[in-house]
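For reference, the structure is listed below as structure tokens.
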Amino acid sequence: IWPLYFSRQVTYVAAGGWKQKCDVLNRGFSGYNTRWAKIILPRLVRKGSGLDSPVAVTIFFGANDSALKDENPKQHVPLEEFAANLRSMVRYLQSVDVPEGRLILITPPPLCEAAWAQECLQQGCKLNRLNSVVGEYARACLQVAQDCGAEALDLWTLMQKDGQDFSSYLSDGLHLSPKGNEFVFSHLWPLIEKKVSSLPFLLPYWRDIAEARPERSLLGDGDH
């Protein structure tokens, strides 16, 4: 769905947050599955591209791969191929100096079948996904992460924990709602923070900027 690359040398200008340490590159491709993503991955992350090696990379797929073959053959990817594609992407990232310890594999979220069935009806098609099938892809994602030594975020399980109603996390039964995105952030950020917390500031914290002569802080070594 969307991989994130936390890089050290990409221009990003805005107030707030932790841009002084690293920048976030969001590479999301609507409707893509792992079959297509593994083909374009070398265009997104390349060795010797002039950027520092990413400090963290997330891989977030499965909602499209898990589409039912009979109802959505274009996006459907068989379970075994899905797992193989994830492994292929992990191996490629390792080959361009992104070690497995910097990778986070994210499972697809659960599917609210009632809401998605209504969406499919409006689009003139039958229900093309089942939550139980999405769960199989989520478990395959977790297994790949374990086998490869990468971290994992199990959205499929977390959103359904203790039988909670997860429908509010999804805008149409499939795609994340604003509340769902907040849920993902709240669980993803602790994993990311462990990887970026020790990084030095590239720019000083705002309270440390010299008020009278800010250029001394902003154009110097950051110690003024």
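Sequence positions, counted from 1, serve as the residue numbers for this chain.
Atom CG of Leu153 sits about 6.0 Å away from atom CG of Leu188, to the nearest 0.5 Å. The structure places CD of Glu100 at 10.5 Å from CZ of Arg102, a figure rounded to the nearest 0.5 Å. Atoms CG and OG, from Asp208 and Ser217 in turn, are 8.0 Å apart once rounded to the nearest 0.5 Å. If you take CZ on Phe82 and CG on Asn64, they are separated by 10.5 Å, rounding to the nearest 0.5 Å. With rounding to the nearest 0.5 Å, the separation of CG in Leu68 from CG in Leu130 is 4.5 Å. To the nearest 0.5 Å, the span separating CD1 on Ile106 from CG on Leu142 amounts to 11.5 Å.
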Please walk me through it: do Leu44 and Phe29 pass side-chain contact (heavy atoms from CB on, under 4.5 Å)? CA-CA 12 Å; Leu44 305 177; Phe29 301 91; 3.8 Å; yes
Kindly determine whether Thr34 and Met89 satisfy side-chain contact (heavy atoms from CB on, under 4.5 Å), including the steps that lead there. CA-CA 9 Å; Thr34 56; Met89 285 189 274; 3.9 Å; yes
Test side-chain contact (heavy atoms from CB on, under 4.5 Å) on Leu93 and Leu41 and set out the steps. CA-CA 9 Å; Leu93 290 169; Leu41 183 58; 4.1 Å; yes
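Side chain of Gln164 to backbone of Leu158: a donor-acceptor contact under 3.5 angstrom is found. Between the Lys195 side chain and the Gly101 main chain, a donor and an acceptor come within less than 3.5 Å of each other. Between the side chain of Ser177 and the backbone N or O of Ser168, at least one donor-acceptor pair lies under 3.5 Å. Distance alone, capped at 3.5 Å, places no donor-acceptor pair between the Ser88 side chain and the Ala84 backbone. Checked by atom type and distance alone, the side chain of Asn72 never pairs as donor or acceptor with a backbone atom of Ala67 at under 3.5 Å. In this structure, the side chain of Glu151 does not engage the main chain of Leu105 through any donor-acceptor pair within 3.5 Å. In this structure, the side chain of Asn131 engages the main chain of Leu111 through a donor-acceptor pair within 3.5 Å. In this structure, Gln160 contributes its side chain and Trp156 its backbone to a donor-acceptor pair below 3.5 Å. Of the possible donor and acceptor atoms, none in the side chain of Ser66 sits under 3.5 Å from a partner among the backbone N and O of Val133. Side-chain atoms of Arg46 come within 3.5 Å of backbone atoms of Arg43 as a donor-acceptor pair (strictly under, hydrogens ignored).
Taking every heavy atom of both residues into account, Pro108 and Gly62 meet most closely at CB-C, 3.9 Å. The nearest pair of heavy atoms linking Val98 to Pro54 is CG2-CD, 3.9 Å. Nearest heavy atoms, Arg35 versus Pro78: NH2-CD, 3.6 Å. Summarising the geometry of Leu155 relative to Pro109, their closest heavy-atom pair is CB-CA, 4.1 Å, with the distance given to 0.1 Å.
Between Trp36 and Tyr32, the two ring planes are perpendicular [angle over 60°; tilted spans 30° to 60°]. Between Phe183 and Tyr169, the ring-plane angle classifies as tilted under the 30° and 60° cut-offs.
Val45 and Ile39 fall into different hydrophobic clusters, where Ile, Leu, Val, Met, Phe, Trp and Tyr side chains are chained together by heavy-atom contacts under 4.5 Å. Linking ILVMFWY side-chain heavy atoms closer than 4.5 Å, directly or via other members, places Tyr92 and Val90 in a single hydrophobic cluster.
The closest side-chain heavy-atom distance from Cys120 to Asn128 is below 4.5 Å. Annotation: side chain of Met159 is in contact with side chain of Leu176 (closest heavy-atom distance under 4.5 Å). The side-chain heavy atoms of Val134 and Thr107, taken from C-beta on, include no pair separated by under 4.5 Å. Contact of the Ile104 side chain with the Val57 side chain is not registered, since no non-hydrogen atoms from C-beta on lie closer than 4.5 Å. A heavy-atom distance below 4.5 Å is found between the side chains of Asp147 and Arg87. Looking at heavy atoms from C-beta onward, His175 lies in side-chain contact with Trp116 at the 4.5 angstrom threshold. Residues Val184 and Trp189 are not in side-chain contact: their nearest non-hydrogen atoms beyond the backbone lie 4.5 Å or more apart.
The residues Arg129 and Glu119 are annotated as not salt-bridged, no charged nitrogen and carboxylate oxygen being separated by less than 4.0 angstrom.
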